[in-house]
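Both counts, for ligands and for their atoms, begin at 1 and track the order of listing.
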Amino acid sequence: MTAAWDILITRAEHSKLRDLNLENIPFGKYFTDHMLEVDFIDGEWKQPEIKPYQPLLLAPSMAALHYGQAIFEGIKAYNDQAGNPRIFRPLDNYHRFNQSAERMQMPAVPEEIFMEGMRQLIELDRQWVPSREDHSLYIRPFMFSTDEMIGVRPSEHYKFMIILSPSGPYYSMPMRIHVEEQYVRAAPGGVGYAKAAGNYGAAMYATAQARKHGYDQVLWMDASEHKYVQECGTMNVFFIIGNVAITPSLEQGTILNGVTRQSVITMLKDAGLTVEERPLSLEEILAAYDQGTLREVFGTGTAATISPIRELACRGRELHFDVDAWTVAPGIKKRLTEIREGKVPDVHGWMMPV
Ligand code: COI
């Protein structure tokens, strides 16, 4: 880090940690003692500050609230066997963050601010990293426009922040999924590949409709034909058909280039499976189910890690899966957990020490 960006640290007077049981926490509800805050003003990033976690004072006219120039990332840190925190593939998230920024006409965040800010923040709040299996410190970097102006144009001022949330699992049970053939998440030429806040808001109506009928999430289909699978809720999705793992390909820019997705592809190949990244149609899925070759279906994401799907409801049919009999997804999940917790060698160099 250059001297210009030495981070100013103001410590919290008291830690909130003593009021919390890290062994039993939901996802994303509690936040650590500190946060990182940096402003972009007059074309440059100003002094990064780590300060006590606190509310922000924002103008009602602030541009992000009106036109949605807002992006974020999700990253996780785990304790290794010696109790030292390590972050899972943060550079990949850093690069994706700036791809989202570019698509939303926002400034790039310098690597030093993102990476060193995250590292120092976690160092300061290292007592907050849970050690229990399936638990982690969820890291949420985000940026939003802060111009006080309600004309529609890219903002000139932005705020980049990182907050930390000690978290338990996102989904604790295998999911029931509604195949969504009416509402869409992303179209070619749109912002589907970006981690733009509005993508998540825009998904809520369809998800709520599915929930009313007892489903956990929706399986998004392509926008023009409703024929090809895109993502599952906030996750990438994998189908194991025979000995081949198939996941939708990224070339149309409608699917998030998931870090967990990439890691799962690598681990599936390590395990000897063939992985195909390509368009996957509902017809092919239904035919494989009818032939008995559709073995496993699961979502992948930072928050959710690897989440089995026990039911897919589509076109008046219910496809049921015997999740307890699966071998691939549980094996990959176990392996990923072992790498993250330092129980097996990190052969791919995924873990960054704090
Ligand atoms: C993640 O997997 O980190 C996500 O972005 C999903 C969600 C919590 C928004």
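- Pro130 and Pro166 get closest at one heavy-atom pair: CG-CB, 4.0 Å.
- Nearest heavy-atom pair across Trp45 and Ala108 is NE1-O, 3.0 Å.
- Between Tyr289 and Phe321, the distance separating the two ring centers is shorter than 6.0 angstrom.
- Between Asp134 and Lys333 there is a salt bridge, with a side-chain nitrogen of the basic residue lying less than 4.0 Å from a carboxylate oxygen of the acidic one.
- Phe114 and Phe160 have parallel rings, their planes meeting at less than 30° on a 0 to 90° scale where 60° marks the start of perpendicular.
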As a test of reading the model: which N/O atoms of the protein lie under 3.5 Å from N/O atoms of ligand 1, and at what distance?
| residue | atom | partner | partner atom | Å |
| --- | --- | --- | --- | --- |
| ligand 1 | 2 (O) | Thr302 | N | 3.2 |
| ligand 1 | 2 (O) | Ala303 | N | 2.7 |
| ligand 1 | 3 (O) | Tyr138 | OH | 2.5 |
| ligand 1 | 5 (O) | Lys195 | NZ | 2.5 |

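- Lys159 contributes no side-chain N or O that, together with a main-chain N or O of Glu37, makes up a donor-acceptor pair within less than 3.5 Å.
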